Each structure stands twice: as C-alpha cells, then as structure tokens.
Amino acid sequence: MTTLILVLVAGAVVGLALGGLGGGGSVLAVPALTYLIGMPPAEAITASLIIVTLTSVTALAGHARDGNVVWRTGLLFAAAGIVPAMLAGTAAGQLPQAGLTIAFAVVAGLAALRMLRPASAPASGEVRPVKAGAAGAGLGAVTGLLGVGGGFLAVPALARVLNLPMRRAIGTSLLVITINSIAALGARAGTGVHLDWAVIAPFTAAAILGAWDGKRYAQRLSGNTLQRVFAVALFAVAVFMLADALI
C-alpha cells in the first residue's frame, strides 16, 4: 500500500509538471522510479518513457484544443534534433556520467536565469523554419549528450530563442516531447528490459490526471508569471542534479 501511494503521488507530480509547465517528465520520473520505487536505472528509464509518452499525448490534446500548439514549428524543431541526439548519445557513452550530470545542471541553471530576465523583443508566433531547425538541432545535441532535459530545455528554447509566447512554448514543447519519447521507445524496443506494469499503470494514470490539473492551474496564471514559475522549477531541478552529482 505504501508503494502504491508513492507511485500515485509521484505520478501526480510528473503530470502537474508536464501539463502545467510543458517539461520535467523524465527529469522527475526517473529519480522517482529509481529512488522511491527502487527500480533499476535501465528499467526506470524505459518505464519513464512510457509514462511520459502517454501523459504528453494527453496533455498535448488539451493544449492543442486551446490553440497553444504551433505544429509546424514543433515538428521542425523535433525532426531537426533526431540525428544530433543520436550522434551526441553515442559520444555520451565515452564520457563520465557525473560530468554529464553537472553539465546538465549548469545548462539548466543558465536557461532558468535567462528566462527570469525580461525578453529583448515581444513574443510572437512567427518563427522562421531555418531558425526552428537550428534550435531543434542544438537542443537535440544537448539532450542526446546529457540524456535528460528535453522538455525542461525545450520550453526555454521555444520561448526565448524562437520567441514564442509562453503558453505556446509549453504546448509546442509537449509535441516535441511526444515525438522524442516515441523515438526513444522505438530505439529501446526489443532490448529485453523488464517492465513492471503494476507500477507503470497507476503511475501513468495519476500522471494523466495530474496533467489535466496542471493545465487548468496554468491557465489561471499570466504568461509572465508562468514563465517565472517555470524558471524557478528549472533552477530547482538544476540544483538537485548538481547536488546529486557532487555528493
């Protein structure tokens, strides 16, 4: 019973982050499955991909219905990052994991600080395809190298590099997360990793419900407030991962 409660609480938190902030799925789900539930890391990563994929699709549908998904930009952004992510992922295997974790914490912290600064230009929905592709390729390389952070780094890239309004950055990020998670699941298909559906099913159910709540709460906040909330959450993740790598 205690394990089930932990699963439901962790799932709700992951869902709130995805639905309300457009990121944080794997960054939150993998530690929860590993440290709280006791899954081996390989199982936790695969399980988190299933959870994040299903939750992101659900949250994406809600944001799309509200017109907060820029489909062309999101598709270009995600497609441009696939090859760089694969190449960087291969290179990451040759680098120390602690160093990669510290690198992610630094990148996330810098992205959070940038989001706290006033924008240099008013946000708009106009994005040049070349710029979207370049930003997507850069994020794909960073995500492939560091292994996590697709959603939490996609939102700052969409909001500050591509200058999308915050709500559209969150909705479009969910499209990017969905595509990346499906691709990652495909790459892991047939690897023989054990899947504990007694954990995955309730975790996913709680995450989906949490995503709807997260979206509803986010609608009550202004774009600037939502951006500050996201920046603080991202900075907290950076501090946690830095402490985990150094301790």
Side-chain angles (χ1 to χ4, degrees), residues 1-60 89 92-93 96-98 100-102 104-105 108 143-144 146-154 173-174 177-178 180-215 217 230 233-247:
M1 180 61 72
T2 302
T3 300
L4 179 59
I5 292 173
L6 289 174
V7 166
L8 294 175
V9 171
V13 172
V14 168
L16 283 169
L18 281 170
L21 301 178
S26 294
V27 169
L28 297 175
V30 172
L33 291 168
T34 303
Y35 298 123
L36 294 181
I37 313 303
M39 275 191 182
E43 291 183 22
I45 292 172
T46 302
S48 76
L49 286 171
I50 296 172
I51 294 162
V52 169
T53 299
L54 295 175
T55 307
S56 296
V57 168
T58 303
L60 174 63
Q97 187 60 45
L100 294 176
T101 302
I102 292 172
F104 172 82
T143 304
L146 304 181
V148 294
F152 257 140
L153 296 183
S173 171
L174 289 166
I177 292 170
T178 299
N180 289 345
S181 296
I182 291 173
L185 274 175
R188 287 176 173 270
T191 58
V193 174
H194 171 71
L195 296 175
D196 188 350
W197 290 103
V199 170
I200 295 173
F203 199 118
T204 303
I208 289 174
L209 293 175
W212 284 105
D213 285 337
K215 176 180 174 294
Y217 295 144
F230 184 94
L234 180 57
F235 193 78
V237 169
V239 171
F240 171 81
M241 297 193 73
L242 184 61
D244 185 58
L246 295 177
I247 295 176

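Only a predicted model underlies this, so the values are computations on that prediction, with no experimental measurement involved.
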I need the minimum non-hydrogen distance between T58 and W212, along with the two atoms involved.
CG2-NE1, 3.1 Å

Where do E43 and H194 come nearest, in terms of heavy atoms and distance?
CG-O, 3.4 Å

Heavy-atom pair with the smallest gap, counting every atom of G22 and S173
O-OG, 2.6 Å

To the nearest 0.5 Å, how far apart are CD1 in I200 and CD1 in I50?
4.5 Å

Grab the two heavy atoms, one from V52 and one from S181, that are nearest each other, plus how far apart they are.
CG1-OG, 3.7 Å

If the condition is salt bridge (charged side-chain N to carboxylate O under 4.0 Å, His left out), which residues does D196 pass it with, not counting sequence neighbours?
none

What I'd like to find out is whether the side chain of V14 reaches to under 4.5 Å of the side chain of T55, using heavy atoms alone.
no

Exercise: identify the closest heavy-atom pair between F203 and A10
CE1-CB, 3.7 Å

For a quick test of reading the model, state the closest non-hydrogen atom pair linking L49 to T53 and the distance between them.
O-OG1, 2.6 Å

How many angstroms lie between atom CG of L6 and atom CG of L36, to the nearest 0.5 angstrom?
5.5 Å

Using the test side chain to side chain contact (heavy atoms under 4.5 Å, CB included), find all partners of F240 that sit at least two apart in sequence or belong to another chain.
none

So how far is it from I177 CD1 to I182 CD1, rounded to the nearest 0.5 Å?
12.0 Å

side-chain contact (heavy atoms from CB on, under 4.5 Å), paired with I51, selected from L18, T46, I208, T204:
T204

